[in-house]
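Before any comments, here is the structure.
Quick note: numbers below take in every heavy atom, side chains included, and nothing from hydrogens, waters or symmetry partners. Bear in mind that the values here come from a model prediction, so they are computed numbers and not experimental data. Order of the sequence lines fixes the chain letters, A, B, ..., with proteins taken first and strands second; residue numbering starts at 1 for each chain.
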Amino acid sequence: MKEEFARWDTLFVQFLKRDWKKIMVWVLGLGLFSAGFVPAFEEIAKDQGLLGMFETLQNPAMISMVGPTPIETAADYTLGAMYAHEMLLFCSLFSMIITILHVVGHTRKEEDLGLMELVRSFQIGRHANSLATFVETVFIHVILALFIAVVLISFKADTISVEGSFLFGASIGMAGLIGASIALVTAQIMPTSSAATGSALGVIGLLYLVRAGTDVLNVDLSMFNPLGWTYLTYPFTENHWILLVCGLVFTVLLSIIAFVLEGGRDLGAGYLPQKEGRGNAKKSLLSVRGLLIKIQKGVIMGWLIAFVIMGAAYGSIYGDMQTFLESNEIVKQMFSHSDVSIEESFTGTIMMVLISLVSILPIATVNKLFTEESSLRLSQLFATKVTRGQLYWTSIGIAFFSSVVGILLAAGGLGSTAMAAMEDRSVMSIMDFFAAGYNFLPSVLFFTGLAAFALGWAPKLGKVVYLYLGYSFILNYFEGLLDLPEWLLNTAIQSWIPRMPIEDFDVRTFIIITLMSIALMVIGYVGYRRRDMIEGI
Amino acid sequence: MTNIVEVQGLQKKFGKVQALKDVTFSVAAGEVVGFIGPNGAGKSTTIRILLGIIKRDAGNAKIFGKDVWKDSLEIHQRVSYVPGDVTLWGNLTGGEIIDLFMKLHGGGDQKKRDELIRRFELDPKKKAKGYSKGNRQKVGLIAALSVDSDLYIFDEPTSGLDPLMEQVFQEEVEKIKDSGKSILLSSHILSEVERLADKIVIIRQGKIVETGTLDELRHLTRSTITLATEGDVAEIATVNGVYDFKQKGNQATFAADHQHINAILVKATELGVKKLEAVPPTLEDLFMRHYKG
Ligand SMILES: Nc1ncnc2c1ncn2[C@@H]1O[C@H](COP(=O)(O)OP(=O)(O)O)[C@@H](O)[C@H]1O
Ligand SMILES: [Mg+2]
């Protein structure tokens with residue numbers, strides 16, 4: 001038995017030497033992210049902030065995202081309670097994800113790369129590598145937990161107790177260990193390292209979704225969920241240390257299972273057979289459009305789902321908007337237009353935010369064509385009957401399509417949840433949301449046009465379009481707060497577009513910006529047709 | 001004979017780098033041309049201009065009598081190309097990518113495709129992210145060899161292939177050569193193309209420095225001969241056409257002009273040959289020769 005683990009300690013020391021920089025970034029990054037937002041939360045908690053936040057987070061949609069709080073009345077809701085409520089679940093998730101990548105990277109990935117064969121040929125036990133990885137992971141998480149606790153305590157906030165701080169840190173550390181043990185098991189079962197990473201992340205995603213349901217229906221059921229053993233410890237309020245023991249037992253059990261599985265398999269092979277791909281292409285792939293869609297499908301779907309979720313998240317606060325807005329001076333100022341309802345005012349601004357996000361997708365789609373070009377993947381296609389026009393306009397077409405669908409989903413997600421949250425007190429119809437969304441379509445086209453122009457004339461500057469998007473977003477976001485001069489505001493394309501539903505639709509602006517965007521695309525095409533393809537730079 | 005490819009005084013500058021200074025050569029119908037030069041000489045740049053991927057600064061380039069930039073689309077219907085560095089989409093399988101290339105080129109032959117996949121021992125059901133460089137190269141080659149074209153352009157096609165697969169490639173190229181197609185084959189290693197090429201074009205620092213059949217070029221150069229004799233080997237040094245003579249005991253190593261090879265051998269037989277080794281000129285020798293004049 002001992003032989004199986006022979007020299008794990010040598011490997012462990014080796015890992016620490018190799019990884020110490022990564023570990024530093026990991027502990028500092030995740031640690032500060034987990035513990036460093038106390039001042040920001042103190043800001044939110046001012047005035048009636050705690051009350052507003054408490055009400056907002058009672059909404060089932062919010063509970064399904066951030067989880068529940070054990071506090072029952074707004075009066076008992078403290079800074080500490082709010083911090084744990086809003087931060088702990090997300091930080092635990094991050095911790096799990098990072099750990100999964102780390103553990104698979106040290107175990108299965110090294111096998112796939114053929115490094116392990118070399119290692120195993122020395123006098124090193126079959127389980128030594130896995131054990132060393134596991135011990136390293138424990139080591140990292142103990143440091144991480146302590147670091148988080150110390151940072152939390154250092155803010156000296158009244159309701160952020162010392163005990164709670166240690167529990168908060170320990171919960172995030174435990175989350176990492178749970179993730180590590182899941183990854184250790186999938187690393188044995190799956191045929192490749194990417195499948196091992198994917199399935200471990202899939203398990204975490206599933207646990208998250210299941211707990212979203214049980215949190216809303218009956219929190220007690222979430223106690224059976226490994227993810228529940230992290231955020232349901234309720235630091236700063238109830239301090240359920242006992243859940244960490246569940247987590248520890250779970251981790252040890254899974255790890256033992258992983259070691260047993262590892263004992264029975266060949267190096268570089270899992271228990272599940274390698275899934276074969278297609279020997280022949282499907283018909284749908286066999287065109288420029290088919291290809292471009294295929295290679296971007298994942299990214300486009302990911303963003304579209306993100307748009308719905310973002311829309312729904314903002315939509316869910318319409319129910320308690322009044323309380324929420326009155327709780328905070330800054331927020332109030334941002335959304336105040338005197339003679340219209342707060343909901344309509346909010347819609348105007350939030351739609352600008354959502355559609356700016358939507359604009360990322362078509363920019364990415366157009367930029368992707370240059371990525372393909374410069375990474376040489378199109379070389380062989382350039383020498384077929386595929387024209388540059390086909391490549392260019394198909395990319396623009398996909399960008400346009402994803403813009404239209406993106407707006408539909410963002411506005412729809414916002415509208416439908418908002419309508420549900422407002423119930424019969426609604427001052428708007430769902431069509432108002434769609435109108436407000438598509439009102440911004442020209443701005444999305446404009447960003448697409450800029451990216452297309454860059455693609456044709458200065459493809460390396462394609463990324464600058466994101467900068468301009470960020471710039472114009474920030475200008476518009478703070479428009480109400482800072483007294484910005486008119487000319488400066490006008491450098492952002494969104495400023496030209498009226499804020500529906502507060503303001504009226506403006507046909508002229510809509511058409512002019514659309515035409516400008518089309519002109520940019522056509523000019524871009526002229527450049528794309530006559531420039532050198534840039535390969536391998 | 002009509003010329004399939006006709007290149008004249010081609011020039012191309014990338015920023016400050018003058019990649020091509022003066023490139024002139026031709027490929028006749030049914031001819032296999034080896035396009036040889038060290039790394040960075042301008043082979044890929046020339047080929048990219050021929051395919052309309054980049055635009056020339058000066059000079060003329062025609063394929064099938066058509067301008068390579070303006071009429072690239074018509075030209076491409078009858079051209080197959082494999083780039084020097086085949087990069088693929090990681091989440092597609094080799095089989096899918098081959099089908100895609102064949103479809104986008106047009107005129108593909110499914111039976112030929114399947115046969116080539118078998119001969120090159122490619123697993124078409126594996127995702128491309130799992131392929132080695134050699135396997136990626138095979139995907140490009142199979143796709144290009146499975147479609148019907150009149151001109152095949154291969155940019156360093158065998159880099160990354162193991163010797164056995166290189167053999168398969170040579171045989172396949174021989175087949176298309178026998179069916180009367182024209183082939184432009186670039187490489188930085190002379191021996192890679194010498195079996196197939198009817199003509200060699202040598203490029204160095206953006207200039208064509210030598211053009212001709214392999215034999216013609218060989219005549220310009222010397223083989224390296226190692227010889228051991230019964231008699232005094234030093235006598236060889238006096239024969240015309242022997243250079244760089246070095247002796248060690250009764251064994252000598254020297255460079256020999258091809259025109260004088262007969263006289264050298266006659267002398268060697270007189271002395272009684274115990275051992276004879278001849279190494280043909282390498283590409284480097286060709287270059288050295290060219291630069292020394
Ligand atoms: N897109 C490019 N931008 C800048 N320089 C380039 C580019 N492509 C090629 N070059 C330069 O041109 C010269 C010729 O390159 P290349 O044609 O790739 O050589 P070869 O294929 O013979 O190895 C090299 O000096 C190379 O660095
Ligand atoms: Mg090259």
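A distance of 12.5 Å separates CG in A:Asn280 from CG in B:Leu100, rounded to the nearest 0.5 Å. For the atom pair A:Thr384 OG1 and B:Gln77 CD, the distance stands at 9.5 Å (nearest 0.5 Å). Note that the CE atom of A:Met533 and the CZ atom of B:Arg48 stand 12.0 Å from one another [nearest 0.5 Å]. One distance of note links CD of A:Gln380 with CG of B:Leu141; it measures 8.0 Å at 0.5 Å rounding.
Of the two parts of A:Thr192, neither the backbone nor the side chain holds a non-hydrogen atom closer than 4.5 Å to a non-hydrogen atom of chain B. Heavy atoms closer than 4.5 Å to chain A are found in the backbone of B:Val79, but not in its side chain. Residue B:Ile153 does not touch chain A at all, counting heavy-atom pairs closer than 4.5 Å. For B:Lys55, the parts lying near chain A are the backbone and the side chain together; criterion is any non-hydrogen pair under 4.5 Å. Proximity to chain A (any heavy atom under 4.5 Å) is restricted, for B:Lys12, to the side chain, taken from C-beta onward.
For the pair B:Thr87/A:Glu535, no side-chain contact is recorded, criterion being any heavy-atom separation below 4.5 Å from C-beta on. Side-chain contact between B:His76 and A:Phe382: absent, with no pair of heavy atoms (C-beta onward) separated by less than 4.5 Å.
Salt-bridge annotation for B:Asp99 and A:Arg278: absent, with no side-chain N of the basic residue lying under 4.0 Å from a carboxylate O of the acidic one.
Considering all non-hydrogen atoms of both residues, B:Leu92 and A:Leu291 come closest at CD1-CD1, 4.0 Å.
Across A:Glu372, A:Arg531, A:Lys282, the residue that shares the most heavy-atom pairs under 4.5 angstrom with chain B is A:Glu372.
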Item to complete: Before giving the answer on side-chain contact (heavy atoms from CB on, under 4.5 Å), spell out for A:Gln390 and B:Leu104 the whole-Å C-alpha distance, their side-chain angles and the decisive distance to 0.1 Å.
Response: CA-CA 12 Å; A:Gln390 267 172 298; B:Leu104 294 179; over 6 Å; no
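At most 12 non-hydrogen atoms from other residues, nucleotides or ligands lie less than 6.0 angstrom from CG of B:Leu164.
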